[in-house]
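Below you'll find the structure, written out as structure tokens, and then a few comments.
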Amino acid sequence: MKIVFLIFCTSFFSLNLFSQEKVEVKDTVKHSVKKAVILSTIVPGAGQIYNHLAMPRGKKRAFLKVPLIYAGLGGTGYMILKNNQLQKELKNEYNQRIAGNDGLEIYQQYDDQGIITLYNQHLNRRDLFILGFSLVYIIQVVDAAVEAHFVTFDISEDLTLNISPTMLGVNQAGIRLSLAIK
């Protein structure tokens, strides 16, 4: 009788164990700010995607920044190349004029001083777009680091601010502020 009872209990409990729903155990490893910064430094936008994957369900919006990052880098990169090309073209035009050769037809309306002015404009624009490219790159790395800090930041629905009078010293009155998360 004991053997039958033991077999029945074993089969009953084993069926119950296998019939339960599988519960996913979420990885409790702390989200790494350093990893987000390194990823974003190597591949622009990778830190934002890393942060997006670690965020809870309701707060996932980090991947929306990636197209903006690539638009900023692509736009400034294009303008760097375009202004560098025009700057070289104008330099070649000026050197051709100094050598006594005919230059390009599109620059015939400008005198030598006009060519030098255009050259300096495109040189300055190229340098400004290099600065812009660098700023977009640095901002996306900083954004990945800041957002990585807030991945596990808990914002409770009930925040309570208590303001109460208090005595700071024998003759000094003050106000005590306390923030409680319930």
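Between Ile116 atom CD1 and Arg97 atom CZ the span is 10.0 Å, to the nearest 0.5 Å. Residue Gln172 holds its CD atom at 11.5 Å from OG1 of Thr166, rounded to the nearest 0.5 Å. With values rounded to the nearest 0.5 angstrom, Arg176 atom CZ is found 7.5 Å from Ser178 atom OG. Rounded to the nearest 0.5 angstrom, Thr117 OG1 and Asp112 CG are separated by 10.5 Å. One distance of note links NZ of Lys91 with CG of Leu123; it measures 9.5 Å at 0.5 Å rounding. Distance CZ/Arg125 to CG/Asn83: 6.5 Å, rounded to 0.5 Å.
Considering only heavy atoms from C-beta on, Glu89 stays 4.5 Å or farther from His122 through its side chain. Val66 is listed as a side-chain neighbour of Ile49, based on a closest heavy-atom distance under 4.5 Å. Counting only heavy atoms from C-beta outward, the side chains of Phe129 and Lys82 never approach each other to under 4.5 Å.
Taking hydrophobic clusters as Ile, Leu, Val, Met, Phe, Trp and Tyr residues chained together by side-chain heavy-atom distances below 4.5 Å, Leu64 does not share a cluster with Ile69. There is no path of hydrophobic side-chain contacts, each under 4.5 Å, that joins Leu177 to Leu168. When hydrophobic clusters are built by joining Ile, Leu, Val, Met, Phe, Trp and Tyr residues whose side-chain heavy atoms come closer than 4.5 Å, directly or via intermediates, Val33 is not grouped with Val43.
Evaluation of the ring pair (Phe, Tyr, Trp, His ring centres under 6.0 Å) rule for Tyr110 yields no partner, not counting sequence neighbours. In this structure Ile98 satisfies the side chain to side chain contact (heavy atoms under 4.5 Å, CB included) test together with Tyr94, sequence neighbours excluded. Every side chain to side chain contact (heavy atoms under 4.5 Å, CB included) that Phe133 has, sequence neighbours left out, goes to Leu73, Thr76, Ile80. Under the rule for a salt bridge (charged side-chain N to carboxylate O under 4.0 Å, His left out), Asp127 has no partner lying at least two apart in sequence or in another chain. Taking the side-chain hydrogen bond (donor to acceptor under 3.5 Å, both in side chains) definition, one finds that Asn171 meets it with nothing, sequence neighbours left out. Remark: Asn84 engages Gln87, Lys88, Arg126 in a side chain to side chain contact (heavy atoms under 4.5 Å, CB included) (not counting sequence neighbours). By the ring pair (Phe, Tyr, Trp, His ring centres under 6.0 Å) test, Phe63 is found to be paired with His52, residues two or more places apart in sequence or in another chain being considered. Considering only residues two or more places apart in sequence or on other chains, Gln96 meets the side chain to side chain contact (heavy atoms under 4.5 Å, CB included) condition with Asn92, Asn101.
Annotation: Ile175, atom CD1; neighbour count of heavy atoms from other residues, nucleotides and ligands within 6.0 Å does not exceed 12. When the shell of 6.0 Å around CD of Gln108 is examined, it contains more than 12 heavy atoms from other residues, nucleotides or ligands. Taking a 6.0 Å sphere around CG of Asn162, one finds it holds more than 12 heavy atoms contributed by other residues, nucleotides or ligands.
If you check the side chains of Glu93 and Tyr119, you find no donor sitting under 3.5 Å from an acceptor.
The two residues Ser32 and Lys35 make their nearest non-hydrogen contact at OG-N, 3.0 Å.
Side-chain heavy-atom separations under 4.5 angstrom define the hydrophobic clusters, and the remaining members of the one that includes Leu39 are Tyr50. Cluster partners of Met167 are absent, since no Ile, Leu, Val, Met, Phe, Trp or Tyr has side-chain heavy atoms less than 4.5 Å from it. Annotation for Leu135: hydrophobic cluster partners, listed by chain and number, are Leu131 (ILVMFWY side-chain heavy atoms under 4.5 Å, direct or chained).
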Could you list the donor-acceptor pairs under 3.5 angstrom formed by side chains in residues 136-143, with sequence neighbours left out?
| residue | atom | partner | partner atom | Å |
| --- | --- | --- | --- | --- |
| Tyr137 | OH | Thr41 | O | 2.1 |
| Gln140 | OE1 | Ser40 | OG | 2.5 |
| Gln140 | OE1 | Gly45 | N | 3.1 |
| Gln140 | NE2 | Ser40 | O | 3.0 |
| Gln140 | NE2 | Ser40 | OG | 3.4 |
| Gln140 | NE2 | Tyr137 | O | 3.4 |
| Asp143 | OD1 | Lys65 | NZ | 3.1 |
| Asp143 | OD2 | Gln48 | NE2 | 3.0 |
| Asp143 | OD2 | Lys65 | NZ | 3.3 |

